[in-house]
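Let me begin by presenting the structure, written as structure tokens, before commenting on it.
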Amino acid sequence: MERFARIAGWGRYLPAQVVANRDLEGRLDTSDEWIFSRTGIRERRIAAPEETASSMGLAAARGALAMAGVHPQELDLIIVATCSAERVFPACASLIQHGLGARTVGAFDVNAACSGFVYALSAGHQFIASGLHRTVLVVGSEVFSRLLDWDDRATCVLFGDGAGAVVLQASEEPGGIRSCVLGSDGSGADALYVPGICASPLEAQRNGHHFLAMNGPQVFKFAVRTVAEATRQAAWQAGILPEEIDLFIPHQANARIISAAAEALGLSQEKVFTNVERYGNTSAASIPIALSEAAEAGRLRDGDRVALVGVGGGLSWAAMVLEWGPGAPSYNPE
Ligand code: COA
């Protein structure tokens, strides 16, 4: 029997501290006008010292489980997309598993930078479609504020912290995830990266630090082209035309990248969800945060065809089309 994977619940967590562009004007040679006109970002959230990728992911996961009406002990697998976890190992997923009080099921992290959540969701989908698992938790959580050089105006203004999560459940009814497109081009590895703490000493000397490095114009061009192309492929795989997408939820890196890609796909602004203005780029957390806000704002109705697409370090990309609904049970954060 064919198994379908549906999103049964969603949740998000944003740190309380808001840092507006104007707050950065005082300490960097930048302006609200420059940042907003180039990126669409007005403010971002920054994690408190005690907050980590696992603590924020745990909070988002609790919300998603409560909404789905799923007890942590019912989970068969936990997948976390992150590249800013507090430990090189164990996986952030193991820390979240313990925090939830889940069974000793499989738990692993996915590192595909800003494409990570859609990669993780694709993996969860495969475990359900194969019949191996029925209930999978997929989390995206990032503390990019700790990967940034706060004296580098070209990068630090772009990113923020946060977490989002969904519960995927098996269903015999057709629907849910209908296509997955994954891609990676390691020849672009130098365009966007963070040196690891295990980097060769020669690499560390070259960079002199462990902060995010980026070739902005190269990444911009790659992102515009790839968001549109990967979405087209995902739509084709799902048997629909790009213009038949009801809601487009792209990775929230830059409002100009999003609108250029939406235009290339023939999607009007009403079909595009953006919240980059309030959170900046939260990497692997951006799509589940956006998805949960779109659902709560009533932007998703049963039967809607939703396209998710992430692009980022790798260079990597991941896109999928899913059919929304039937809706999760009424929201109960307890
Ligand atoms: N405030 C003011 N000036 C800044 C600045 C800031 N925060 N950051 C950079 N600048 C300056 C640069 O120093 C440069 O000055 P120069 O021309 O004197 O050398 C100038 O602004 C560059 O301006 P411009 O060429 O107009 O910038 P841009 O339109 O290429 O925009 C980015 C720069 C970074 C916003 C853009 O390239 C981008 O969004 N790239 C993709 C980044 C991204 O999304 N990464 C994550 C993907 S997952």
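No hydrogens, no waters, no symmetry mates; every other heavy atom, side chains included, goes into these values. Order of listing sets the numbers, starting from 1, for every ligand and every atom in it. Values in this document were obtained by computation on a predicted structure and should not be read as measured data.
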Checking side-chain polar atoms at under 3.5 Å, does Ser54 have a donor or acceptor matched by the opposite partner on Glu86? yes

Please write down residue, atom name and distance for the protein heavy atom closest to atom 46 (C) of ligand 1. Asn281 ND2, 3.5 Å

Kindly indicate whether the side chain of Ile245, heavy atoms from C-beta on, has any atom under 4.5 Å from the side chain of Ile240. yes

At a 4.0 Å threshold, what atoms of ligand 1 neighbour a non-hydrogen atom of Val311? 48 (S)

Residue list, side chain to side chain donor-acceptor pair (under 3.5 Å) with Thr155, at least two apart or on another chain: Asp152

I'd like to check which ligand 1 atoms, numbered from 1 as shown, lie under 4.0 Å from a non-hydrogen atom of Arg256. 29 (O)

Heavy-atom distance to atom 21 (O) of ligand 1: which of Trp34, Phe222, Phe144 wins? Trp34

To which protein heavy atom is atom 42 (C) of ligand 1 closest, and what is the distance rounded to 0.1 Å? Met214 SD, 3.6 Å

Is there a side-chain contact between Glu323 and Arg6 in this structure, where contact means two heavy atoms from C-beta onward sitting under 4.5 Å apart? no

Are the side chain of Glu142 and the backbone of Ala284 linked by a donor-acceptor contact shorter than 3.5 Å? yes

Work out whether the distance between some heavy atom of Asp29 and some atom of ligand 1 is less than 4.0 Å. yes

Can you confirm whether the side chains of Thr135 and Glu74 place a donor and an acceptor under 3.5 Å from each other? no

Distance under 4.0 Å to a non-hydrogen atom of His251: what atoms of ligand 1 satisfy this? 48 (S)

Is the shortest distance from atom 32 (C) of ligand 1 to a protein heavy atom below 4.0 Å? no

The closest protein heavy-atom partner of atom 40 (N) of ligand 1 is Gly216 O, 3.0 Å

Does Trp324 reach the side chain of Leu291, with side-chain heavy atoms less than 4.5 Å apart? yes

Top protein contact for atom 44 (O) of ligand 1, by heavy-atom distance: Ala253 CB, 3.6 Å

Is any side-chain heavy atom of Arg256 closer than 4.5 Å to one of Arg38? yes

Protein contact of atom 1 (N) of ligand 1 - nearest heavy atom, named by residue and atom, plus distance: Thr30 OG1, 2.6 Å

Near Ala154, which atoms of ligand 1 are under 4.0 Å from a heavy atom of that residue? 8 (N)

Cys114 neighbourhood, listing ligand 1 atoms whose heavy-atom distance to it stays under 4.0 Å: 48 (S)

Residue among Asp23, Val276, Asn21 satisfying side chain to side chain contact (heavy atoms under 4.5 Å, CB included) with Arg44: Asn21

Distance to 0.1 Å, residue and atom name: give those for the protein heavy atom nearest to atom 39 (O) of ligand 1. Asn254 ND2, 2.8 Å

So, do Phe220 and Asn254 sit near enough that their side-chain heavy atoms are less than 4.5 Å apart? yes

Take Leu168 and Phe127 through the side chain to side chain contact (heavy atoms under 4.5 Å, CB included) test and state the conclusion after the steps. CA-CA 10 Å; Leu168 273 184; Phe127 281 101; over 6 Å; no

Report the nearest protein non-hydrogen atom to atom 11 (C) of ligand 1: residue, atom name, distance rounded to 0.1 Å. Arg153 NH2, 3.6 Å

How about atom 18 (O) of ligand 1: does it have a protein heavy atom within less than 4.0 Å? no

Is atom 5 (C) of ligand 1 less than 4.0 angstrom from at least one protein heavy atom? yes

Please report whether ligand 1 has a polar contact with Thr39, defined as an N or O pair separated by less than 3.5 Å (distance criterion only). no

From atom 48 (S) of ligand 1, is the closest protein heavy-atom distance below 4.0 Å? yes

Quick one: does Trp150's side chain get under 4.5 Å of Leu24's, heavy atoms only? yes

Residue Val157 vicinity, atoms of ligand 1 by number, heavy atom under 4.0 Å: 7 (N)

Does Ala223 have a heavy atom less than 4.0 Å from any atom of ligand 1? no

Quick check against the 3.5 Å criterion: does Asn275 have a side-chain atom that pairs as donor or acceptor with the backbone of Arg278? no

If you scan protein heavy atoms around atom 36 (C) of ligand 1, the nearest is Phe220 CD1, 4.1 Å

